[in-house]
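Let me begin by presenting the structure, written as structure tokens, before commenting on it.
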Protein chains: 2
Amino acid sequence: MHTYAFPHPAVTTDIVIFTLQDGQLKVLLIQRAHEPYKDHWSLPGGFVEIDEDLEVAALRELQEETGVTGVYLEQLYTFGQPDRDPRERVISIAYYALVPNDSLHIRADSDAKNVGWFACHQLPVLAFDHDRIIELARNRLAAKLEYSTIALQFMPAEFTLGELQKVYETILDSTLDKRNFRKRILALDCIEQTGTSRRDGKHRPARLFRRIAPGKVEFIK
Amino acid sequence: MHTYAFPHPAVTTDIVIFTLQDGQLKVLLIQRAHEPYKDHWSLPGGFVEIDEDLEVAALRELQEETGVTGVYLEQLYTFGQPDRDPRERVISIAYYALVPNDSLHIRADSDAKNVGWFACHQLPVLAFDHDRIIELARNRLAAKLEYSTIALQFMPAEFTLGELQKVYETILDSTLDKRNFRKRILALDCIEQTGTSRRDGKHRPARLFRRIAPGKVEFIK
DNA sequence: GCAAAAGTGTTCTAGGTACACCCATGT
DNA sequence: ACATGGGTGTACCTAGAACACTTTTGC
């Protein structure tokens with residue numbers, strides 16, 4: 001037991017894990033096995049250990065649920081409405097992560113709970129205030145596309161310009177002009193040709209590109 | 001005493017209160033009366049009450065230290081390194097506030113502690129990680145000048161375009177072209193002439209403007 | 001040969017930058 | 001009269017938007 005002279009809130013991290021699948025922006029959700037919000041879907045998350053850095057706690061959740069490491073992770077916002085959890089006062093530091101589709105190996109039912117990817121525009125009813133958290137994360141992600149190279153964090157080691165354009169179009173939910181897109185991206189000097197190309201379907205093979213600074217997200221303009 | 005099955009961190013809010021004085025961007029600091037960091041300067045802040053919303057806690061600190069209400073307040077970032085406070089694990093949700101210079105009445109020595117405004121570019125040695133917090137707040141503020149009307153939150157009810165330009169120049173630490181500045185600001189449709197002007201010194205009187213939507217910070221571009 | 005995505009330049013437009021002089025007041 | 005900040009317009013430049021055809025492959 002742990003006692004304090006004045007009441008302390010519980011502190012958790014929740015993490016919005018984004019990926020792109022089937023041309024849709026998806027988030028990872030977990031079905032709750034217990035009350036409150038039993039059977040509702042919710043964001044992965046959990047209590048911050050007493051000697052654990054916040055970002056480390058978020059990375060731990062990410063690792064436990066997806067098995068991935070070394071992906072983009074950023075603090076989003078801290079949610080602390082007194083009644084957001086009916087059990088006790090819980091303050092949650094929300095993070096969001098971007099996971100390339102090809103590095104995914106969801107731990108299937110690691111502790112007998114359901115885990116799944118849901119398209120952002122058709123989410124189930126969510127536990128707590130997790131709908132607000134996802135909404136905010138989506139807005140932040142879309143905003144960052146405009147002024148940073150964050151979209152590259154969704155890409156595998158090698159990718160085509162067509163695939164990258166699809167990422168932008170999916171997140172921004174709009175179509176882009178191919179020539180303008182290529183001009184803009186190449187002018188950023190953040191990707192380079194591998195020299196190889198990939199045959200894929202009954203059409204001209206596409207040149208492959210790689211990131212110049214893989215882990216880095218740079219601001220542009 | 002308050003007892004929990006597993007250890008809980010303490011949660012505080014710290015608040016970076018900005019104002020403009022003498023053509024300088026300043027922040028409000030408080031001299032600590034007790035250990036740790038006794039006599040060091042620090043940000044105003046304190047523990048979040050167990051049933052208190054985070055923003056309400058920040059507003060309370062703001063009110064206690066400056067007496068102002070109804071000013072711009074925004075959550076900045078949450079700092080939670082395990083060793084940032086030597087006493088116990090303390091997670092701090094940092095906010096920043098923008099206070100028009102004319103609405104200031106610092107409570108002088110409300111509880112026998114020193115309070116003062118310090119220019120951002122000549123801060124004293126600060127307690128905890130408060131130097132990092134202020135640095136981040138400054139960057140956020142400067143960034144927001146470029147894509148929102150946040151600068152208006154520093155202005156009193158009526159102001160001249162010259163005064164508003166000075167605000168931009170101070171925060172961005174650069175000089176701006178007068179004609180281009182006026183064109184840009186007026187095109188935003190966020191301020192309007194009061195119809196009056198103000199005589200002030202030995203030169204032509206300046207037209208006065210007011211905000212069209214005083215409390216609102218709009219995104220531009 | 002036809003369907004399907006890859007690849008490639010030019011023109012137009014709008015928004016941003018650079019720039020210099022007259023105006024109203026106090027001393 | 002002169003010093004001080006207030007107030008105004010135009011020319012240039014550059015970044016973003018609009019736009020259509022040829023190439024390479026699989027079937």
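Only this structure's heavy atoms are used, side chains among them; waters, hydrogens and symmetry mates stay out. Letters A, B, ... mirror the listed sequences (proteins, then strands); counts begin at 1.
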Quick check: do A/Val167 and A/Phe159 have side-chain heavy atoms less than 4.5 Å from each other?
no
Quickly, which of A/His130, A/Gln31, A/Arg32 forms a side chain to side chain contact (heavy atoms under 4.5 Å, CB included) with A/Tyr37? Name it, please.
A/Arg32
With a 4.5 Å heavy-atom cut-off, do B/Ile93 and B/Gln75 have their side chains touching?
yes
Decide yes or no for A/Leu25 and A/Phe18: does some side-chain heavy atom of the first lie under 4.5 Å from some side-chain heavy atom of the second?
yes
I'd like to know if A/Arg60 and A/Glu52 make a salt bridge, using a cut-off of under 4.0 Å between side-chain N and carboxylate O.
yes
Among residues two or more places apart or on two chains, list those pairs meeting ring pair (Phe, Tyr, Trp, His ring centres under 6.0 Å) that have a residue in residues 160-199 of chain B.
B/Tyr168-B/Phe181
Considering residues at least two apart in sequence or located in another chain, which fulfil the side-chain hydrogen bond (donor to acceptor under 3.5 Å, both in side chains) criterion with B/Arg204?
none
Is there a donor-acceptor contact under 3.5 Å from the side chain of A/Gln165 to the main chain of A/Leu176?
yes
Got a second to check how far B/His40's NE2 is from B/Leu29's CG, nearest 0.5 Å?
12.5 Å
DNA chain C-proximal residues of residues 177-188 of chain A, any heavy atom under 4.0 Å
A/Lys178, A/Arg179, A/Arg182, A/Lys183
From the list B/Thr13, B/Thr78, B/Asp14, side-chain hydrogen bond (donor to acceptor under 3.5 Å, both in side chains) partner of B/Ser92 resolves to B/Asp14
Between residues 196-205 of chain B and DNA chain D, which residues have a heavy-atom gap below 4.0 Å?
B/Lys202, B/His203, B/Arg204, B/Pro205
Could you check if a side-chain atom of B/Pro124 sits within less than 4.5 angstrom of a side-chain atom of B/Trp41, using non-hydrogen atoms only?
yes
Strand contacts (DNA chain D) in residues 154-162 of chain A, 4.0 angstrom heavy-atom criterion
none
Any side-chain heavy-atom pair of A/Val71 and A/Leu62 under 4.5 Å
yes
Only counting residues at least two apart or in another chain, list the ones meeting salt bridge (charged side-chain N to carboxylate O under 4.0 Å, His left out) with A/Asp22.
A/Lys26
N/O donor to acceptor pairs below 3.5 angstrom from side-chain atoms of residues 209-220 of chain B, sequence neighbours left out:
| residue | atom | partner | partner atom | Å |
| --- | --- | --- | --- | --- |
| B/Arg210 | NH1 | B/Glu192 | OE2 | 3.0 |
| B/Arg211 | NH1 | B/Leu152 | O | 3.4 |
| B/Arg211 | NH1 | B/Pro214 | O | 3.1 |
| B/Arg211 | NH2 | B/Met155 | O | 2.8 |

Of residues 144-153 of chain A, the positions that come close to DNA chain C - non-hydrogen atoms, cut-off under 4.0 Å
none
Which residue pairs pass the salt bridge (charged side-chain N to carboxylate O under 4.0 Å, His left out) test when at least one of the two sits in residues 162-185 of chain B, sequence neighbours left out?
B/Glu163-B/Arg198
In the 5' to 3' direction, the nucleotides of DNA chain D bounding the stretch that comes under 4.0 Å of a heavy atom in chain A are D/dA17 to D/dG26
Note, A/Leu43 side chain near A/Leu126 side chain (heavy atom, < 4.5 Å)
no
For chain B and DNA chain C, what are the first and last nucleotides along the strand, 5' to 3', with at least one atom under 4.0 angstrom from a heavy atom of the protein chain?
C/dT17 to C/dG26
Which salt bridge (charged side-chain N to carboxylate O under 4.0 Å, His left out) pairs, counting each pair once, include a residue from residues 125-142 of chain A, with sequence neighbours left out?
A/Glu74-A/Arg140, A/Arg84-A/Asp129
